[in-house]
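What follows is a single structure, written as structure tokens, with notes after it.
Just so it is clear: chains get the letters A, B, ... in the order the sequence lines come, proteins before strands, and each one is counted from 1. Being a predicted model, the structure only gives us computed values, none of them experimental.
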Protein chains: 2
Amino acid sequence: MADTYDPSAFPPFAVTADLVILTVQPPTVRALLVRRAADPFAGSWALPGGFVGPDQSLADAAHETLARKTGVSVDATHLEQLASFGRPDRDPRMRIVSVAWLALLAEPVEPVAGDDTDEAQWVDVAALDSDLAFDHAEILAAGIERARNRIEYTTLATRFCGDEFTMAELRAVYETLWSTELDPANFHRKVLAIDGFVEPTGESTSGGRGRPARLYRRGDAVDLDPPVRR
Amino acid sequence: MADTYDPSAFPPFAVTADLVILTVQPPTVRALLVRRAADPFAGSWALPGGFVGPDQSLADAAHETLARKTGVSVDATHLEQLASFGRPDRDPRMRIVSVAWLALLAEPVEPVAGDDTDEAQWVDVAALDSDLAFDHAEILAAGIERARNRIEYTTLATRFCGDEFTMAELRAVYETLWSTELDPANFHRKVLAIDGFVEPTGESTSGGRGRPARLYRRGDAVDLDPPVRR
DNA sequence: TGCTTTATTGTCGTCATGACTAGTTATTGC
DNA sequence: GCAATAACTAGTCATGACGACAATAAAGCA
């Protein structure tokens, strides 16, 4: 890293944490977006985000934004760093580098509108006409792609389900994110064969239409071995 | 993203691009490191890096650092963004956010020492006593872990080989990064079964000890289907 | 009582994989 | 030249994972 550098010679950078907060509500994938109240991009949808404070870590800034928008605490969700975006002209006001994060939520909790935005809403990403503010369409696409890949090799698909879920619910997460249909019987067999993916609660659903489904909860495993191929 | 923000109220952020540049020289994995000439961390190994210029994209800053240190042009290597690191105290001088990149090189080209460093050298990462400057040990570990995972699902292992390579060379890349031994016959069969992974040149090696090996070059595929499991 | 719906279990052929054996083709050292 | 050796490549075989699909289980509903 260069030592011969005078920061005051440069226009300063600002750093933001912007969040791709996803939930799967079959047959839709939804992202939590805010509608911008002020220029630039007034009226456009944008990712929720906030500036990183002078003494704040990048992760803390992401946690804070998540809590501010959803009221959800960190340990109830999965939050991972996605990538950073820093084209010089991505924000017309000043030079801003965005560190993007991906959060996976089980249920679309009631979003909280902030001071700077007049609306926060879960939006079906398929029905989005992609004119998001700044380069947020690119960031959102990266987040969805990351989620699509993660569920193949990790147990993160369970993060889109509640604490207890049926095989059909878990399968619907895969089918929705991948836009495919999976054979219920083979999926069932495969998931149970992966050690630590899910564990039965002993309970079953009731009141539904067909045969009651057994309930499962998340297992201890983080990675799927073998992976669930697409 | 908050509009109610006065950047001048904050100490400014600086943004750097720091590179994990890896090469595989069986049985070692080597990283290109620089020895810092000045404080802080004078005398310590550090990742090569540089500040992102006011009108420079993050990727351009990474490309520039790579070219400055190795003289290697971008299209001869693989360069991908790794992650960003921004603990408030990671640099004692000022608030610096590092966007880390991962570069994969086939051969350890002669490194070029910069103005601010008195030495640039390929270092065996296994023999590194981990007292790198700043949080660079953490970044380096993330880069190695990324490379270890990438070769499982993508064709990037060929990036550690030259333009033409033998099956044994490709296998050695996997064995070195994964610290395992792979059965030569099964590896051979598996690699050839993956469409677009490698394609034969028709040539063979000569001058080596045993039977000459056929030469291959990179195929068109990016992802491995099926993956090469560890 | 059936009929429908959904969940779960079972079967079977095919293909991928790992362990292992055997054969091929060069160089190296008598 | 002629083994001996090294290294690559082909073949075999048992095991296991997977996809397609049939069959059974357990509810609700007419």
Side-chain angles (χ1 to χ4, degrees), chain A residues 26-27 151-153 158 161-162 164-176 178 180-217 221 223-230, chain B residues 26-27 151-153 157-158 161-162 164-176 178-217 221 223-230:
Chain A
I151 62 172
E152 190 164 353
Y153 306 114
T158 59
C161 302
E164 301 193 341
F165 50 89
T166 66
M167 269 305 165
E169 286 169 356
L170 183 60
R171 180 165 45 86
V173 168
Y174 280 93
E175 292 180 331
T176 303
W178 288 350
T180 54
E181 291 200 353
L182 300 173
D183 182 276
N186 292 337
F187 182 83
H188 187 268
R189 173 179 44 152
K190 167 131 203 171
V191 167
L192 290 185
I194 299 174
D195 205 52
F197 192 3
V198 301
E199 51 187 39
T201 65
E203 305 289 308
S204 294
T205 57
S206 66
R209 241 201 275 292
R211 170 178 172 177
R214 294 186 198 158
L215 286 169
Y216 299 88
R217 66 170 67 91
D223 294 312
L224 294 182
D225 188 37
V228 177
R229 302 302 308 282
R230 219 171 296 197
Chain B
I151 62 173
E152 191 164 352
Y153 307 112
T158 60
C161 302
E164 301 193 339
F165 51 87
T166 66
M167 270 303 166
E169 287 170 355
L170 183 60
R171 179 164 45 85
V173 168
Y174 281 93
E175 292 180 330
T176 303
W178 287 350
S179 301
T180 54
E181 291 199 355
L182 300 172
D183 183 276
N186 291 337
F187 182 83
H188 187 269
R189 177 182 43 166
K190 168 132 202 171
V191 167
L192 290 184
I194 299 173
D195 205 53
F197 193 3
V198 302
E199 51 188 39
T201 66
E203 305 288 307
S204 293
T205 57
S206 67
R209 244 203 269 293
R211 168 178 173 177
R214 294 187 197 157
L215 287 169
Y216 299 88
R217 66 170 67 90
D223 294 314
L224 294 182
D225 187 37
V228 178
R229 302 301 309 281
R230 217 171 298 198

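- Checked by distance alone, B:Arg229 brings no side-chain donor or acceptor within 3.5 Å of a matching partner on the base of C:dG18.
- In this structure, A:Arg211 atom CZ and D:dT24 atom P are separated by 13 Å, rounded to whole Å.
- Each of A:Arg209 and B:Arg230 was matched to the nucleotide of DNA chain C holding its nearest heavy atom; the match closer to the 5' end belongs to A:Arg209.
- As a whole-Å value, the separation of A:Met167 CE from C:dA7 P is 11 Å.
- For C:dT9, one of the phosphate oxygens OP1 or OP2 lies less than 4.0 angstrom from a side-chain nitrogen or oxygen of A:His188.
- Between B:Pro227 and A:Leu192, the one whose closest nucleotide on DNA chain C sits nearer the 5' end is A:Leu192.
- Each of B:Tyr216 and B:Gly210 lies near DNA chain D, and the nucleotide nearest B:Gly210 is the one positioned closer to the 5' end.
- Following rounding to the nearest Å, B:Phe187 (CZ) and D:dA10 (P) show an atom-to-atom distance of 15 Å.
- Between B:Asp225 and B:Ile194 there is no side-chain heavy-atom pair separated by less than 4.5 Å.
- One interatomic measurement links the two molecules: CD of B:Glu181 to P of C:dA19, which rounds to 12 Å at whole-angstrom precision.
- In this structure, A:Leu170 atom CG and C:dA7 atom C1' are separated by 15 Å, rounded to whole Å.
- One can place CG of A:Asp183 at 17 Å from P of C:dT11, the figure rounded to the nearest angstrom.
- Neither OP1 nor OP2 of C:dT24 sits under 4.0 Å from any side-chain N or O of B:Arg214.
- Judged by distance alone, with hydrogens and angles left aside, A:Arg189 brings no side-chain donor or acceptor close enough to the base of C:dG10 to form a pair under 3.5 Å.
- When atom types are taken as modelled, the side chain of A:Thr166 and the backbone of A:Ala213 share no donor-acceptor pair closer than 3.5 angstrom.
- Using a 4.0 Å heavy-atom cutoff across all strands shown, A:Ala185 reaches at least one base atom of the nucleic acid.
- Nucleotide C:dT6 holds its P atom 14 Å from the CD atom of A:Glu169, rounded to whole Å.
- Contact annotation: the side chain of B:Val228 never approaches that of B:Glu152 to less than 4.5 Å [non-hydrogen atoms, C-beta and beyond].
- One finds no side-chain N or O of B:Lys190 lying less than 4.0 angstrom from the OP1 or OP2 phosphate oxygen of C:dA16.
- Rounding to whole angstrom units, CG of residue A:Asn186 and P of C:dT9 are separated by 13 Å.
- Looking only at distances, a side-chain donor or acceptor of B:Lys190 sits under 3.5 Å from a matching main-chain atom of B:Pro227.
- When each of D:dA26, D:dC21, D:dT9 is scored by its nearest atom to the side-chain atoms of A:Pro212, the top-ranked nucleotide is D:dA26.
- In the set D:dG11, C:dT5, D:dC8, D:dC8 carries the atom at the smallest distance from any side-chain atom of B:Ala168.
- Here A:Tyr216 and A:Phe197 keep their ring centres 6.0 angstrom or further from each other.
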